[in-house]
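A quick write-up on the structure given underneath.
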Protein chains: 2
Amino acid sequence: MTDADRFDLNEFLPYRLNAAASRISRAFSERYREEFGISIPEWRVLVHLHHAGDVSVRDIEARVDMEKSKVSRAASRLETAGYITKGVNDTDRRLLVLRLTDKGEALVARLLPVAMEYQDEMRARLGPLAEGLEAGLSALLSDNA
Amino acid sequence: MTDADRFDLNEFLPYRLNAAASRISRAFSERYREEFGISIPEWRVLVHLHHAGDVSVRDIEARVDMEKSKVSRAASRLETAGYITKGVNDTDRRLLVLRLTDKGEALVARLLPVAMEYQDEMRARLGPLAEGLEAGLSALLSDNA
DNA sequence: TTGACTTTGTTGCATGTGCAATAAATGTTT
DNA sequence: AAACATTTATTGCACATGCAACAAAGTCAA
């Protein structure tokens with residue numbers, strides 16, 4: 001009998017990572033959909049706009065781990081909902097200038113405390129293990145791979 | 001200026017967890033699709049059948065973090081491909097008995113070494129941080145939440 | 001046994017996704 | 001300038017997904 005014969009999916013690191021992320025994302029997503037009516041892609045765009053100011057679709061794609069088509073569709077939904085505007089960059093007219101509206105800023109002001117609270121709950125649940133988890137995630141997210 | 005004004009998505013734990021899992025899963029998925037022609041849901045079913053012997057859709061749903069419809073569809077594709085058979089449980093005819101065929105067993109025998117190698121690569125990349133990451137994942141995956 | 005309820009697996013439907021193709025703008029080369 | 005190549009954002013398409021509805025089988029109470 002080899003190691004492979006004892007292989008247990010629930011001890012397999014890639015599976016465990018994915019299962020944990022799915023659970024967290026699902027709970028987070030439900031909360032945001034119920035309370036604010038937005039999806040995770042939309043949430044990411046809103047938060048990045050708040051953090052970085054006016055940006056293009058390409059900028060978001062690079063910074064927020066989303067395909068450009070996903071960014072584009074999220075931005076369109078946010079524009080329809082009145083949370084952002086789409087302008088044109090005068091020096092390079094291929095580029096969009098995504099900008100939060102006042103309504104969008106107000107939404108982000110309500111979103112962020114909920115996000116911080118959620119993160120705090122996660123860290124509380126993890127206790128002293130939080131530090132190790134975050135260090136591991138940093139290693140996986142670093143670019144040299 | 002409050003904490004929220006400095007909010008950076010790339011320091012937000014749920015986002016980081018999800019981004020890391022997405023990267024790993026994508027790489028894993030590409031490798032399995034190219035080399036064996038199967039998806040991650042199919043991979044999970046195969047591996048669980050290998051580990052647990054004959055099981056029903058419900059068993060897989062409970063053990064492998066997949067919706068029953070996802071399990072059902074993965075099982076149908078695997079049956080079409082000749083990797084598993086679907087039988088009926090004689091004592092409860094609502095239940096399926098999913099079973100690996102010889103062809104399926106042969107596939108799993110090829111799959112598992114690749115999976116172990118992939119996990120080893122992850123751990124090598126993480127170095128001494130692997131232990132902390134796994135402990136954190138265990139906390140997030142424990143049921144009491 | 002009958003009737004109501006539960007469990008199991010499949011499927012229809014609406015939605016989200018990634019990828020490729022595309023159009024428009026810009027950059028580059030001659 | 002003209003021709004060609006690259007970049008940016010959108011969209012068509014095929015496919016995967018989650019959820020609800022459903023049928024079939026089983027359970028249970030009267």
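Just so it is clear: chains get the letters A, B, ... in the order the sequence lines come, proteins before strands, and each one is counted from 1.
- The base of dT8(D) does not come close enough to the side chain of Arg58(A) for any donor and acceptor atom to sit less than 3.5 Å apart.
- Atom P of nucleotide dT6(C) and atom CG of Asp92(B) are separated by 17 Å, given to the nearest angstrom.
- Residue Lys70(A) contributes atom NZ, which lies 20 Å from atom P of dC15(D) at whole-angstrom precision.
- Between Trp43(A) and the options Tyr83(A), Tyr118(A), Tyr32(A), Phe36(A), a ring-ring contact (aromatic ring centres under 6.0 Å, His included) holds for only Tyr32(A).
- Between Ser72(A) and dT10(D) there is a side-chain N or O to OP1 or OP2 distance below 4.0 Å.
- Whole-Å rounding puts the Lys68(A) NZ to dA9(D) P distance at 9 Å.
- When His48(A), Lys68(A), Lys70(A) are each tested for a side-chain contact (heavy atoms from CB on, under 4.5 Å) with Ile60(A), only one passes: His48(A).
- Residue Ile60(A) contributes atom CD1, which lies 15 Å from atom C1' of dT10(D) at whole-angstrom precision.
- For a distance-only test at 3.5 Å, the side chain of Arg73(A) qualifies as a donor-acceptor partner of the base of dG12(D).
- Taking atom CG on Leu95(B) and atom P on dT10(C), their separation rounds to 11 Å, with Å as the unit.
- For the residue pair Ser138(B) and Arg16(A), a side-chain donor N or O sits within less than 3.5 Å of a side-chain acceptor on the partner.
- Distances shown here put a side-chain N or O of Ser56(B) below 4.0 Å from the OP1 or OP2 atom of dG9(C).
- Comparing Ala75(B) and Ser39(A) against DNA chain C, the residue whose closest nucleotide sits nearer the 5' end is Ala75(B).
- Ion pair Arg99(B)/Glu105(B) not flagged as a salt bridge, since none of the NZ, NE, NH1 or NH2 atoms sits closer than 4.0 Å to an Asp/Glu carboxylate oxygen.
- The CD atom of Glu30(B) sits 7 Å away from the P atom of dC19(C) (whole-angstrom rounding).
- Rounded to an integer number of Å, the gap from CZ of Arg33(B) to C1' of dC19(C) is 11 Å.
- Summarising the geometry, the separation between NZ on Lys86(B) and P on dT8(C) is reported as 17 Å, rounded to the nearest angstrom.
- Phosphate proximity of dA25(D) to Arg93(B): present, with a side-chain N or O under 4.0 Å from OP1 or OP2.
- The pair Glu42(A)-Arg73(A) does not count as a salt bridge, with every side-chain nitrogen at least 4.0 angstrom from each carboxylate oxygen.
- Toward the 5′ end of DNA chain D lies the nearest nucleotide of Pro41(B), the other residue of the pair Pro41(B) and Thr91(B) mapping further downstream.
- Distances from the side chain of Val57(B) to the nucleotides dT10(D), dT8(C), dG9(C) place dG9(C) closest.
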